[in-house]
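Shown next, in structure tokens, is the structure this report addresses.
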Amino acid sequence: MAILSPYLTFKAKKFNLYKITITIILCTVFYLVGFYQNSRGTISINATSSSSSTAFRCAPTNHSTTTLDFAARHFAQDPKPPVAREHHFPPCEPKYSEYTPCEDVERSVRFDRDRLIYRERHCPESHEILKCRVPPPYGYKVPFSWPESRGSAWYANVPHKDLTVEKKNQNWVRVEGERLRFPGGGTMFPRGADAYIDAIGKLIDLKDGSIRTAIDTGCGVASWGAYLLSRNILTVSFAPRDTHVSQVQFALERGVPALIGIMASIRLPYPSRSFDMAHCSRCLVPWGQYDGQYLIEIDRILRPGGYWILSGPPINWETHWKGWNRTREDLRAEQSQIEGVAKSLCWRKLVQRKDIAIWQKPTNHVHCKVNRKVFKRPLFCKSQNPDMAWYTKMETCLTPLPEVAGIRDIAGGQLAKWPERLNAIPPRISSGSLEGLTANSFVENSELWKKRVAYYKKIDHQLAKTGRYRNLLDMNAHLGGFAAALVDDPVWVMNVVPVQAKMNTLGVIFQRGLIGTYQNWCEAMSTYPRTYDFIHADSLFSLYENRCGVEDILLEMDRILRPEGSVIIRDDVDILLNVKAIMDAMQWDGRITDHESGPHEREKILFATKKYWTAPRPDQD
């Protein structure tokens with residue numbers, strides 16, 4: 001094979017270089033010519049050509065030309081940028097300053113008056129729900145701090161004088177200038193609740209810690225519960241919204257736990273075996289009527305060995321029958337009826353001294369099951385869930401206590417005395433009756449909430465300030481860990497277990513010596529506006545996602561929170577961003593902070609404060 005000389009190779013390469021150079025020059029020239037022609041804006045087409053093949057040539061000046069326009073003829077509208085929904089929540093009219101949606105006086109007249117059913121919860125339909133912010137009355141002031149609030153409240157906050165006239169001789173409440181004064185009296189204890197409680201304390205032990213939780217039926221202004229607090233007894237006081245107008249509202253202004261409620265046809269919103277003591281002081285409940293149904297309901301919520309205290313008619317009727325404007329025969333028959341129902345429930349009458357009578361529930365039902373041969377009624381309930389108590393109808397059957405091994409055993413387990421009860425393993429957990437909850441998980445939950453509350457206090461200095469808050473609400477309490485972590489502060493916490501919660505843990509909360517209630521947060525709470533100084537909500541909005549509107553829950557929070565009250569909400573960050581946007585429209589101040597474990601957690605914490613504002617003066621528009 002012939003080998004090319006280096007000279008020939010060089011010549012070949014040089015020739016190729018010339019070809020490439022000439023090609024580049026020609027391409028450049030053609031590009032510039034084309035650019036020049038296009039920049040003149042026209043391409044001429046011979047208008048006289050009729051050939052099927054169109055000939056292109058430079059148009060002479062005497063020929064008509066058509067300019068090709070390559071601009072687009074059809075346009076799609078640009079999509080509108082996404083606009084966030086605008087929230088608007090104006091103030092409600094001043095007439096709604098004491099609005100209680102589920103106990104509305106105007107709505108209640110539609111319902112049956114028999115057995116006072118019309119005073120039970122009757123919530124508005126979806127189209128009736130107000131989409132406005134309930135206003136505080138003109139002149140509203142931040143309530144007094146505890147313990148001063150036990151005896152004083154601002155008249156402007158609850159501007160009602162009815163009870164000061166109607167109960168003048170019973171020392172319920174007085175008006176003194178700008179203040180309401182609460183001397184501590186009651187219908188059956190005009191000398192004061194302290195003296196009355198001392199009288200009870202001589203009949204049963206109120207000091208050894210065995211009695212921690214109590215319920216007061218028809219509470220008036222809740223003086224009994226107010227003065228039990230100094231004895232480490234935590235009381236849920238309840239009364240209907242009736243002719244006494246604002247008795248529960250007075251109680252809440254005093255810093256005393258209370259709810260709107262009545263014994264009519266549905267169960268009280270508490271699980272079985274909740275309270276150590278129940279009380280009725282002239283509460284006007286017909287205990288002996290309707291087959292003893294109301295005493296049967298008290299039996300359901302009393303713990304084994306718990307006490308029922310009754311004062312007022314018919315107790316000591318021999319002394320008071322003339323003052324009560326009733327006949328001896330009528331009062332004797334009523335007391336006999338009550339005594340008969342109590343015996344049929346296997347209660348033991350401990351004592352009756354002057355105006356006070358006390359019964360005790362048995363610690364188990366061993367004997368009670370035997371004596372059903374004597375007392376044919378009430379029978380033991382067979383199919384009901386004793387802890388179900390949200391719009392659940394009362395029954396005339398006796399709630400059976402958990403089985404025991406021996407006659408001296410306490411059904412459901414022995415409760416520790418207070419304060420050990422707070423952190424002792426609740427029997428509902430140690431017995432294994434709550435699937436998935438163990439002693440270890442209970443202890444871990446308690447420790448977790450101690451850390452969380454400590455973190456809250458670092459961020460919200462108001463929460464750390466003693467006396468700043470008094471009435472607290474935990475909207476999704478689970479085991480009551482938030483409340484337990486605050487037990488040494490001068491506050492009380494209403495622990496709510498939502499009826500939609502995966503597990504019913506309210507019984508555990510009561511066994512810890514705390515108080516609470518059931519609630520569906522798609523509805524309004526049975527309380528007055530401006531009940532709480534502080535609201536806590538853990539994963540609440542995740543729980544109610546796709547169940548009801550976020551704005552409806554937030555408007556209810558706005559209704560029951562006092563001006564300058566605070567909120568802490570912990571939830572997924574996306575949910576909190578939506579909540580924050582609605583809060584801004586409600587004119588709250590708020591900020592989202594990181595989880596106590598650091599910024600990498602999806603769960604965040606929203607701290608918010610409701611601004612101070614009131615309804616205008618009555619003479620203003």
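Values reported hereafter were calculated over all heavy atoms of this structure, with side chains retained and with hydrogens, waters and symmetry mates removed.
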Is any side-chain N of the basic residue among [X] and [Y] closer than 4.0 Å to the acidic one's carboxylate O?
{"X": "Arg181", "Y": "Glu176", "answer": "yes"}
{"X": "Asp104", "Y": "Arg121", "answer": "no"}
{"X": "Arg377", "Y": "Asp291", "answer": "no"}
{"X": "Glu103", "Y": "Arg119", "answer": "no"}
{"X": "Asp533", "Y": "Arg470", "answer": "no"}
{"X": "Asp276", "Y": "Arg421", "answer": "yes"}
{"X": "Glu395", "Y": "Arg300", "answer": "no"}
{"X": "Arg530", "Y": "Glu253", "answer": "no"}

Side chains of [X] and [Y] in contact at under 4.5 Å (non-hydrogen atoms):
{"X": "Leu398", "Y": "Leu379", "answer": "no"}
{"X": "Pro490", "Y": "Thr466", "answer": "yes"}
{"X": "Asp330", "Y": "Trp317", "answer": "no"}
{"X": "Thr396", "Y": "Pro378", "answer": "no"}
{"X": "Pro313", "Y": "His320", "answer": "no"}
{"X": "Leu473", "Y": "Met525", "answer": "yes"}
{"X": "Leu401", "Y": "Lys361", "answer": "yes"}

With a cut-off of 6.0 Å (strictly less than), are more than 12 heavy atoms of other residues, nucleotides or ligands near NZ of Lys161?
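For Lys161, atom NZ is not crowded (no more than 12 foreign heavy atoms under 6.0 Å).
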Can you confirm if the NZ or CZ of Arg179 lies within 45° of the ring axis of Tyr155 and under 6.0 Å from the centre of its six-membered ring?
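No, a cation-pi geometry is absent between Arg179 and Tyr155.
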Test the Lys141-Trp154 pair against the cation-pi criterion, namely NZ or CZ under 6.0 angstrom from the six-membered ring centroid and within 45° of the ring axis.
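Satisfied, under 6.0 Å and within 45°.
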Using 30° and 60° as the class limits, which term best fits the ring planes of Tyr270 and Phe510: parallel, tilted or perpendicular?
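Answer is perpendicular, since the angle exceeds 60°.
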Parallel, tilted or perpendicular for Tyr469 and Phe534, by the 30°/60° rule?
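Rings of Tyr469 and Phe534: tilted, as their planes differ by 30° to 60°.
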Is a donor from one side chain sitting under 3.5 angstrom from an acceptor on the other, for [X] and [Y]?
{"X": "Gln289", "Y": "Glu334", "answer": "no"}
{"X": "Arg559", "Y": "Tyr528", "answer": "no"}
{"X": "Ser281", "Y": "Ser311", "answer": "yes"}
{"X": "Asn495", "Y": "His478", "answer": "no"}
{"X": "Gln337", "Y": "Arg332", "answer": "no"}
{"X": "Asn471", "Y": "Trp492", "answer": "yes"}
{"X": "Asp299", "Y": "Trp347", "answer": "yes"}
{"X": "Glu98", "Y": "His160", "answer": "yes"}
{"X": "Asn504", "Y": "Asp387", "answer": "no"}
{"X": "Thr505", "Y": "Arg428", "answer": "no"}

Taking all non-hydrogen atoms of both residues into account, name the closest pair between Glu120 and Ser265 and its distance.
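Closest approach of Glu120 to Ser265, heavy atoms only: OE2-N, 2.5 Å.
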Centre-to-centre under 6.0 Å for Trp287 and Trp308, is that the case here?
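Yes, the ring of Trp287 comes within the 6.0 Å limit of the ring of Trp308, centre to centre.
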Mind checking whether His365 and Phe380 have ring centres under 6.0 Å apart?
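Distance test on ring centres: under 6.0 Å, yes.
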What is the distance from atom CG of Leu415 to atom CD of Gln511, rounded to the nearest 0.5 Å?
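Atom-to-atom, Leu415:CG and Gln511:CD are 5.5 Å apart.
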Under the ring pair (Phe, Tyr, Trp, His ring centres under 6.0 Å) test, residues paired with Phe182 that sit two or more places apart:
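Phe182 satisfies ring pair (Phe, Tyr, Trp, His ring centres under 6.0 Å) with Phe250 only.
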Could you tell me which residues satisfy ring pair (Phe, Tyr, Trp, His ring centres under 6.0 Å) with Tyr118, sequence neighbours excluded, listed by chain and number?
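Ring pair (Phe, Tyr, Trp, His ring centres under 6.0 Å) list for Tyr118, sorted by chain: empty.
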Excluding sequence neighbours, so at least two apart, what forms salt bridge (Lys or Arg N to Asp or Glu O under 4.0 Å) with Asp112?
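If we apply the salt bridge (Lys or Arg N to Asp or Glu O under 4.0 Å) test to Asp112, skipping adjacent residues, there are no hits.
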